[in-house]
Amino acid sequence: MDKLQAIRGIAFDLDGTLVDSAPGLTSAVDQALYALELPVAGEERVVTWIGNGADVLMERALTWARQERASQRSAQGKPSVDHADIPQEEQLRILRKLFDRFYEETVEEGSFLFPDVQETLSALSAKGIPLGLVTNKPTPFVAPLLEALDIAKYFSVIVGGDDVQNKKPHPEPLLLVAGKLSLTPAELLFVGDSRNDILAARAAGCPSVGLTYGYNYGEAITLSEPDVVFDHFKDLLPALGLSHSEHQELNND
């Protein structure tokens with residue numbers, strides 16, 4: 001916890017950290033796959049693909065769907081490859097466009113704050129700690145989602161996936177936030193749920209908190225060796241020195 005003593009600002013990941021976005025993402029992914037007559041994946045599988053932005057999400061979805069369909073065709077005694085298929089590169093381009101169209105419809109209704117996020121962000125903001133957001137999610141989806149969930153007001157800096165040349169795990173987004181908040185990297189805590197978050201923080205020189213309840217490709221966040229591991233979002237408050245009276249309302253599970 002020693003690294004948290006110098007903290008003057010906090011940046012957060014979005015999907016899997018603040019927001020359970022898996023229902024909306026899964027719906028958009030599956031609708032896009034279905035539109036191309038490919039097998040649908042389901043939420044349990046889609047959550048293992050979240051975290052590297054929409055391009056990589058769709059690459060993973062298409063790779064799986066093509067392999068799944070090949071297996072289904074083989075089981076039916078058909079050739080594993082349908083030669084009437086459009087090339088995979090073209091298929092991916094279309095799939096990404098379909099995803100964007102469907103996700104615009106599902107992003108808000110299929111996204112929910114994790115427990116205690118609203119209250120914890122409010123407490124941190126009230127303490128005067130500047131807060132930032134760093135996500136690989138395509139930028140056009142970010143602001144409307146934050147507004148719909150009523151948490152946009154807490155962030156003074158928001159960096160989406162289209163706002164930088166290099167997404168997480170590259171340090172560029174975190175260094176951008178630190179610069180805009182006039183902080184050194186060591187003064188900016190990054191809170192996330194995935195390997196990419198911890199790698200980005202380490203590369204930027206920021207201390208990190210890893211949350212155990214997120215997506216993280218199906219692996220334990222402890223394997224990425226964040227500086228601190230928390231099971232609950234509200235655990236941030238006592239770690240950052242808020243008095244019992246300031247966070248006692250969050251102590252009940």
Side-chain angles (χ1 to χ4, degrees), residues 13-82 84-115 117 135-138 140-142 144-145 148-149 161 167-169 192-197 210-221 223-224 231 233:
D13 170 54
L14 183 60
D15 296 334
T17 296
L18 303 178
V19 177
D20 180 5
S21 54
L25 287 167
T26 299
S27 178
V29 168
D30 281 350
Q31 287 183 76
L33 291 171
Y34 184 79
L36 289 181
E37 300 182 349
L38 291 167
V40 297
E43 186 170 323
E44 186 175 345
R45 186 169 285 108
V46 171
V47 296
T48 67
W49 300 335
I50 296 172
N52 294 86
D55 287 342
V56 176
L57 173 63
M58 300 321 297
E59 287 171 10
R60 290 167 175 162
L62 182 58
T63 298
W64 172 84
R66 288 175 66 96
Q67 292 173 347
E68 180 70 9
R69 191 180 64 169
S71 298
Q72 292 174 356
R73 289 176 61 85
S74 295
Q76 296 166 358
K78 300 177 181 179
S80 60
V81 176
D82 185 343
D85 276 350
I86 60 176
Q88 184 168 349
E89 185 176 319
E90 177 68 6
Q91 208 171 24
L92 180 60
R93 186 187 66 79
I94 296 171
L95 194 69
R96 173 61 203 275
K97 286 190 173 182
L98 287 169
F99 168 80
D100 283 354
R101 189 178 85 193
F102 292 127
Y103 194 46
E104 189 173 354
E105 301 169 358
T106 66
V107 59
E108 293 182 17
E109 66 185 35
S111 300
F112 311 90
L113 291 178
F114 282 113
V117 165
T135 175
N136 286 345
K137 185 186 289 293
F141 295 118
V142 177
L145 177 58
L149 295 171
K167 299 180 180 69
K168 297 176 297 179
D193 70 298
S194 77
R195 177 173 69 240
N196 273 350
D197 297 325
L211 298 166
T212 61
Y213 57 74
Y215 307 139
N216 198 30
Y217 320 109
E219 68 182 41
I221 192 66
L223 297 176
S224 298
D231 293 325
F233 193 77

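Scope of the values below: all heavy atoms of this structure, side chains included, with no hydrogens, waters or symmetry mates.
Counting heavy atoms from C-beta on, the side chains of Asn52 and Glu59 never come closer than 4.5 Å. Contact annotation: the side chain of Leu149 never approaches that of Leu18 to less than 4.5 Å [non-hydrogen atoms, C-beta and beyond]. Between Arg195 and Pro169 there is no side-chain heavy-atom pair separated by less than 4.5 Å. Contact check for Arg101 versus Leu98: side-chain heavy atoms found under the 4.5 Å cut-off. The side-chain heavy atoms of Ile94 and Glu90, taken from C-beta on, include a pair separated by under 4.5 Å. Between Leu211 and Asp13 the shortest side-chain heavy-atom distance does not fall below 4.5 Å.
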- [ ] Please lay out, stage by stage, how Glu43 and Val47 fare under the test side chain to side chain contact (heavy atoms under 4.5 Å, CB included).
- [x] CA-CA 6 Å; Glu43 186 170 323; Val47 296; 4.0 Å; yes
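Contact detail for Val46 and Ala41: the closest heavy-atom pair is CG2-CB, 4.0 Å. Gly210 and Ile221 get closest at one heavy-atom pair: CA-CG1, 3.8 Å. Taking all atoms of both residues into account, the shortest heavy-atom contact from Asp197 to Lys168 is OD1-NZ, 2.8 Å. The shortest non-hydrogen separation linking Phe99 to Ala54 is CE2-CB, 3.9 Å. When every heavy atom of Asp15 is checked against every heavy atom of Tyr215, the shortest pair comes out as C-CE1, 3.9 Å. Between Tyr217 and Asn196, the shortest heavy-atom contact is OH-ND2, 3.0 Å.
No donor-acceptor distance shorter than 3.5 angstrom exists from the side chain of Asp100 to the backbone of Lys97, with no hydrogens or angles considered. Within the 3.5 Å criterion, the main-chain N or O of Gly161 finds no donor-acceptor partner in the side chain of Asn136.
The neighbour count for Glu104 CD, taken as heavy atoms of other residues, nucleotides or ligands under 6.0 Å away, does not exceed 12. Glu44 CD: 12 or fewer foreign heavy atoms inside a 6.0 Å radius.
Looking at Tyr213 and Asp20, their side chains never bring a donor and an acceptor atom within 3.5 Å of each other.
With sequence neighbours left out, the side-chain hydrogen bond (donor to acceptor under 3.5 Å, both in side chains) criterion links Thr212 to Asp231.
One distance of note links CG of Asp55 with NZ of Lys167; it measures 6.0 Å at 0.5 Å rounding. For the atom pair CG of Asn216 and CG of Leu223, the computed distance is 8.0 Å after rounding to the nearest 0.5 Å. Distance CG/Leu14 to OG/Ser111: 8.0 Å, rounded to 0.5 Å. Rounded to the nearest 0.5 angstrom, Glu109 CD and Ser27 OG are separated by 7.0 Å. Here the CD atom belonging to Glu105 is positioned 6.5 Å from the CD atom belonging to Gln31, to the nearest 0.5 angstrom. Taking OG1 from Thr63 and CE from Met58, the interatomic distance works out to 10.5 Å, rounded to the nearest 0.5 Å.
Aromatic ring pairs are classed by plane angle as parallel below 30°, tilted from 30° to 60° and perpendicular above 60°; the pair Tyr103 and Phe141 is perpendicular.
The one candidate from Leu57, Leu38, Leu36 that meets the side-chain contact (heavy atoms from CB on, under 4.5 Å) condition with Leu62 is Leu38.
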